[in-house]
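Worksheet: one structure, shown below.
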Amino acid sequence: MTAAAPPDPIAPPRRRGRPARPEGDVRHAVLQATLAVLLAQGYEATTIEAVAAHAGVAKKTVYRHAGNRDELVGLAVREWTDGFAPQLQRDARHAEDVVPLLHGILQAVCAQALSTQAVQVFRLLTSDFPGKPTLLRTYLENGIERGRALLADWLARQQKRGLLRAGDPEGMARLLLAMAVAEPLRERALGMVAEDASMDAHLRDCLQLMEPMLRTS
């Protein structure tokens, strides 16, 4: 008499439910919720709990990305500079490519720095509120200073390739961003121009003014 074969193992039942969201999407949602709470309720009200509730996630999910409010806000502002950072990875092949590439870089910077949220944060920083010094420091480090450093690095690389006039890349970056971004940001924050006003003519004028100072000869 032969022994009966053991029964096939029963597979565990498949769990049903919504598929897990990609981590990048969760991070973006958390950072967007951070800015939304900040602008709607103020800096002091931008707590981990408030951000989690607005993003529709658990507090532990928020803590997975940042340990406190300051880190959250810093990452949210840094996401703007992350948005144009890839544009600064491209180097010019010839001297005549520098200005067109720079035009594309400044367009990418403006798309982030002059967004509705960015203008609203800048407008908030022109007022007085509890926690302003901390928020201002976070804004400067992750937004203005990081953006300036990224552009200065790009300018320095073009100088090393002999495609851009030698000089102080940090000073050049400061001047370029002051002309191309700082003034339009102020105008939008004060309501002098529409927030969706075209930047094409402004950027062309800026580069036309700067081009003689950028040429190698």
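In this chain, residues are counted from 1 in sequence order.
- Q32 has its side chain within reach of E79: a pair of non-hydrogen atoms, C-beta onward, lies under 4.5 Å apart.
- Side-chain contact check for R27 versus E23: every heavy-atom pair is 4.5 Å or farther apart.
- Scored by the side-chain contact (heavy atoms from CB on, under 4.5 Å) test, R93 finds D97 as partners (sequence neighbours excluded).
- Across all their heavy atoms, T46 and R69 have their closest contact at O-CD, 2.9 Å.
- Residues L203 and H103 are in side-chain contact: their nearest non-hydrogen atoms beyond the backbone lie under 4.5 Å apart.
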Do any side-chain atoms of residues 149-156 form donor-acceptor pairs under 3.5 angstrom with protein atoms, and if so which ones, sequence neighbours left out?
| from | atom 1 | to | atom 2 | distance (Å) |
| --- | --- | --- | --- | --- |
| D153 | OD2 | R157 | NH1 | 2.8 |
| W154 | NE1 | R90 | O | 2.7 |

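- Using bins of under 30°, 30° to 60° and over 60° for the plane-to-plane angle, the ring pair Y139/W80 lands in the perpendicular bin.
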Ignoring hydrogens and angles, write down the donor-acceptor pairs under 3.5 Å from the side chains of residues 204-212, residues two or more places apart or on other chains.
none

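- Scored by the side-chain hydrogen bond (donor to acceptor under 3.5 Å, both in side chains) test, Q120 finds no partners at all (sequence neighbours excluded).
- The OG1 atom of T47 lies 9.0 Å from the NZ atom of K59; values are rounded to the nearest 0.5 Å.
- Residues E96 and P100 come closest through the heavy atom pair O-CD, 3.2 Å.
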Per-pair distances, 0.1 Å, donor-acceptor, side chain in residues 128-138, under 3.5 Å, sequence neighbours excluded:
| from | atom 1 | to | atom 2 | distance (Å) |
| --- | --- | --- | --- | --- |
| K132 | NZ | L125 | O | 3.1 |
| K132 | NZ | S127 | O | 3.1 |
| T138 | OG1 | T134 | O | 3.0 |

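- When the salt bridge (charged side-chain N to carboxylate O under 4.0 Å, His left out) test is applied to R78, no partner is found at least two apart in sequence or on another chain.
- Here R165 contributes atom CZ and M213 contributes atom CE; the two are 9.0 Å apart, rounded to the nearest 0.5 Å.
- Partners of H202 according to the side-chain hydrogen bond (donor to acceptor under 3.5 Å, both in side chains) rule, which considers only residues two or more places apart in sequence or in another chain, do not exist here.
- Of all heavy-atom pairs between T81 and N142, the closest is OG1-O, 3.3 Å.
- Other cluster members for V37: none, since no ILVMFWY side-chain heavy atom sits under 4.5 Å from it.
- The cluster map of Ile, Leu, Val, Met, Phe, Trp and Tyr, joined by side-chain heavy atoms under 4.5 Å apart, puts L190 and L39 in different clusters.
- Across every non-hydrogen atom of A29 and A55, the tightest pair is O-CB, 4.0 Å.
- Annotation: the span from I144 atom CD1 to L185 atom CG amounts to 7.5 Å, rounded to 0.5 Å.
- The side-chain heavy atoms of L214 and Q158, taken from C-beta on, include no pair separated by under 4.5 Å.
- Annotation for V30: hydrophobic cluster partners, listed by chain and number, are V26, L31, I48, V51, V57, V62, Y63, L72, L75 (ILVMFWY side-chain heavy atoms under 4.5 Å, direct or chained).
- Summarising the geometry of A180 relative to M199, their closest heavy-atom pair is O-CE, 3.4 Å, with the distance given to 0.1 Å.
- Closest approach of C110 and V181 over heavy atoms only: SG-CG2, 4.0 Å.
- Residue L164 is not grouped with residue L175 when hydrophobic side chains (ILVMFWY) are merged at heavy-atom distances under 4.5 angstrom, including chains of intermediate members.
- You'll find the side chain of H54 stays beyond 4.5 Å of the side chain of Q41, heavy atoms only.
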Set out, in order, the CA-CA distance, both residues' side-chain angles and the distance that settles side chain to side chain contact (heavy atoms under 4.5 Å, CB included) for R146 and D82, then state yes or no.
CA-CA 10 Å; R146 183 172 185 242; D82 287 343; 2.7 Å; yes

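- Contacts of R161 classified as side-chain hydrogen bond (donor to acceptor under 3.5 Å, both in side chains), with partners at least two apart in sequence or in another chain: none.
- Residues L106 and L177 meet the side-chain proximity criterion, which asks for heavy atoms closer than 4.5 Å.
- By the salt bridge (charged side-chain N to carboxylate O under 4.0 Å, His left out) test, E195 pairs with R123, sequence neighbours left out.
- Within the structure, side-chain hydrogen bond (donor to acceptor under 3.5 Å, both in side chains) contacts touching residues 169-190 (residues at least two apart or in different chains) are E183-R186.
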